[in-house]
Amino acid sequence: MGKASRDKRDIYYRKAKEEGWRARSAFKLLQIDEEFNIFEGVKRVVDLCAAPGSWSQVLSRKLFLPAKLSPASRDGDLPLIVAIDLQPMAPIEGVIQVQGDITNARTAELVIRHFDGCKADLVVCDGAPDVTGLHDMDEFVQSQLILAGLTIVTHVLKKGGKFIAKIFRGKDTSLLYCQLKLFFPIVTFAKPKSSRNSSIEAFAVCENYSPPEGFNEKDLHRLLEKVGSPSGADDLDCRSGWLEGPNKVYIPFLACGDLSGYDSDQSYPLPKVAEGTYQSLDPVQPPIAPPYKRALELKKASSHGIRELERLSLDS
Ligand code: SAM
């Protein structure tokens with residue numbers, strides 16, 4: 001799909017470029033905030049799986065820049081935003097970047113070091129593995145990434161804090177919901193308007209972090225495995241069959257974003273401009289070292305090689 005054609009078919013792709021966001025995902029976080037007011041009182045944030053950085057841009061524009069421009073602000077008072085990704089990211093004002101793997105235990109230590117031992121008010125995670133198209137498999141890998149995010153949360157989030165995580169809806173959604181409920185009394189699954197209906201993506205909005213009494217971070221996986229398991233976990237009130245039959249869990253699911261706003265599944269004509277035709281904009285900040293970079297280089301080299309061979313055979 002060419003840039004102009006995508007501009008027509010994907011309104012959020014076009015708007016992201018017009019408003020200076022690195023990715024259309026920025027609107028998802030903004031729409032979640034419209035519904036849940038997630039930035040209220042937030043001074044320390046962790047952005048997990050942050051590249052190319054549109055969520056970090058939202059955090060910078062919503063939290064860091066207003067504080068920096070406020071006449072009352074002092075250096076030590078400015079919000080702290082730490083962004084982590086496997087991939088490097090171009091700089092964003094007010095965002096500390098860490099290149100790392102969120103499944104690695106050391107990553108939580110690095111974050112805490114940046115917060116001078118203090119804890120975060122909010123952790124967001126838009127992490128996604130490379131999808132295969134096999135829904136069960138994608139959902140499983142995605143849930144592993146969320147659990148890695150939750151591990152970091154148990155180390156860095158303050159009591160009462162919030163956790164927002166991308167999920168893939170599928171057959172184990174109830175299980176994931178129950179696992180998150182162990183730590184957060186309020187868990188809502190939200191679908192921002194900028195996320196396509198055809199996509200299985202949604203976001204878990206988890207509020208008021210309250211780990212179980214006497215919780216030890218080392219026991220996280222043992223605890224999670226017990227949820228929904230046949231033996232259940234007596235200490236957690238997770239009885240056998242808790243997730244099924246008459247005890248089926250009903251997950252609060254909420255559409256968010258202005259309902260009269262743009263629909264991500266609809267095509268919109270390009271806007272009329274005084275000078276004639278609408279000029280499609282370039283992406284704001286292409287990824288600086290995407291995993292597909294080598295593949296592109298090889299493709300370019302091979303098409304160049306093919307053209308050379310064609311030229312030689314025409315010359316001879
Ligand atoms: N929120 C980002 C934004 O607004 O620009 C987009 C995130 S993108 C959908 C998913 C990211 O997850 C990718 O940049 C990928 O590198 C990252 N990711 C996947 N697995 C990861 C892991 N184990 N540790 C850190 N980052 C990971």
Side-chain angles (χ1 to χ4, degrees), residues 10 12-13 15-17 19-33 38-39 45-64 81-111 114 122-133 137-153 155-156 163-168 190-192 194-196 199-205 257 264 283-295:
D10 186 343
Y12 287 103
Y13 169 75
K15 287 274 158 212
K17 293 187 293 176
E19 294 180 19
W21 303 113
R22 292 180 180 185
R24 65 193 294 296
S25 341
F27 294 107
K28 299 174 192 168
L29 192 60
L30 289 167
Q31 289 169 350
I32 291 170
D33 178 48
I38 55 173
F39 299 132
V45 197
V46 185
D47 183 3
L48 300 174
C49 303
S54 78
W55 279 27
S56 290
Q57 284 183 291
V58 171
L59 298 171
S60 170
R61 288 191 201 178
K62 285 273 180 186
L63 301 170
F64 182 81
I81 303 163
V82 178
I84 300 159
D85 201 287
L86 291 170
Q87 309 297 329
M89 217 163 87
I92 296 171
E93 187 170 6
V95 178
I96 300 165
Q97 294 181 23
V98 177
Q99 198 176 342
D101 183 347
I102 68 158
T103 62
N104 183 330
R106 283 208 48 243
T107 304
E109 285 165 30
L110 285 174
V111 173
H114 283 292
L122 170 68
V123 177
V124 296
C125 178
D126 189 26
D130 291 335
V131 285
T132 62
M137 165 101 127
D138 291 339
E139 187 205 353
F140 173 76
V141 181
Q142 177 66 13
S143 64
Q144 294 307 301
L145 212 52
I146 298 169
L147 296 185
L150 187 60
T151 308
I152 296 194
V153 159
H155 286 88
V156 307
F163 176 43
I164 316 293
K166 191 201 318 262
I167 61 158
F168 285 169
K191 181 81 174 169
S194 49
S195 174
R196 286 205 181 78
S199 155
I200 56 171
E201 164 193 90
F203 293 85
V205 180
S264 53
V284 172
Q285 172 64 60
I288 50 180
Y292 50 82
K293 191 172 171 195
R294 180 82 186 120

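The residues of the chain are indexed from 1 along the displayed sequence. Counting starts at 1 for both ligands and their atoms, following the listed order.
Residue-ligand proximity, Ser25 to ligand 1, at heavy-atom distances under 4.0 Å covers atoms 4 (O). Below 4.0 Å from some heavy atom of Pro52 lie the following atoms of ligand 1, by number and element: 5 (O). Residue contact check: Gly53 has heavy atoms under 4.0 Å from atoms 3 (C), 5 (O) of ligand 1. Of all atoms in ligand 1, numbered sequentially from 1 with element shown, those under 4.0 Å from a heavy atom of Gly127 are 12 (O). Atoms of ligand 1 found under 4.0 Å from any heavy atom of Leu86 (numbered from 1 in listed order, with element): 20 (N), 21 (C), 22 (C), 24 (N), 25 (C), 26 (N), 27 (C). Per-residue contacts place Gly100 under 4.0 angstrom from the following atoms of ligand 1 (heavy atoms of the residue considered): 24 (N), 25 (C). For ligand 1, the atoms lying closer than 4.0 Å to a non-hydrogen atom of Gln87 are 16 (O). Close approach of ligand 1 to Ala50 (heavy-atom distance below 4.0 Å) involves ligand atoms 2 (C), 3 (C), 5 (O).
More than 12 non-hydrogen atoms from other residues, nucleotides or ligands lie less than 6.0 angstrom from CZ of Phe39.
Of all protein heavy atoms, the one closest to atom 15 (C) of ligand 1 is Asp85 OD1, 3.5 Å. In terms of protein heavy atoms, atom 8 (S) of ligand 1 is closest to Ala51 O, 3.6 Å. Counting only heavy atoms of the protein, atom 4 (O) of ligand 1 lies nearest to Ser54 OG, 2.5 Å. For atom 23 (N) of ligand 1, the closest non-hydrogen atom on the protein side is Asp101 OD1, 2.8 Å. Among all protein heavy atoms, the one lying closest to atom 19 (C) of ligand 1 is Ala128 O, 3.5 Å. At the shortest separation from atom 9 (C) of ligand 1 among protein heavy atoms lies Asp126 O, 3.7 Å. Scanning the protein for heavy atoms near atom 12 (O) of ligand 1, the closest one is Cys49 CB, 3.3 Å.
The N/O atoms of Ile102, backbone and side chain alike, include one that comes under 3.5 Å of an N/O atom in ligand 1.
Side-chain contact between Val111 and His155 is absent, with no heavy-atom pair separated by less than 4.5 Å. Residues Lys15 and Ser194 fail the side-chain proximity criterion, which asks for heavy atoms closer than 4.5 Å. Using a 4.5 Å heavy-atom threshold, the side chains of Phe27 and Glu19 count as touching.
When atom types are taken as modelled, the side chain of Thr107 and the backbone of Asn104 share a donor-acceptor pair closer than 3.5 angstrom. With Gln97 contributing its side chain and Asp85 its backbone, the two residues share no donor-acceptor pair below 3.5 Å.
Annotation for Leu145 and Gly127: closest pair CD2-C, 3.5 Å, computed over non-hydrogen atoms. The shortest heavy-atom contact between Ser199 and Lys191 is O-NZ, 3.0 Å.
Here Glu139 contributes atom CD and Gln144 contributes atom CD; the two are 10.5 Å apart, rounded to the nearest 0.5 Å.
With sequence neighbours excluded, the residues forming a side-chain contact (heavy atoms from CB on, under 4.5 Å) with Leu110 are Val98, Arg106, Arg113, listed by chain and number.
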With a 3.5 Å cut-off and sequence neighbours excluded, list the donor-acceptor pairs that the side chains of residues 49-58 form with protein atoms.
{"unit_1": "Ser54", "atom_1": "OG", "unit_2": "Ala26", "atom_2": "N", "d": "3.1"}
{"unit_1": "Trp55", "atom_1": "NE1", "unit_2": "Ser25", "atom_2": "O", "d": "3.0"}
{"unit_1": "Ser56", "atom_1": "OG", "unit_2": "Asp47", "atom_2": "OD2", "d": "2.7"}
{"unit_1": "Gln57", "atom_1": "OE1", "unit_2": "Arg22", "atom_2": "N", "d": "2.7"}
{"unit_1": "Gln57", "atom_1": "NE2", "unit_2": "Gly20", "atom_2": "O", "d": "3.0"}

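The part of Leu145 lying near ligand 1 is the side chain, judged by heavy-atom distances below 4.0 Å. In Ala148, neither the side chain nor the backbone holds a heavy atom less than 4.0 Å from any atom of ligand 1.
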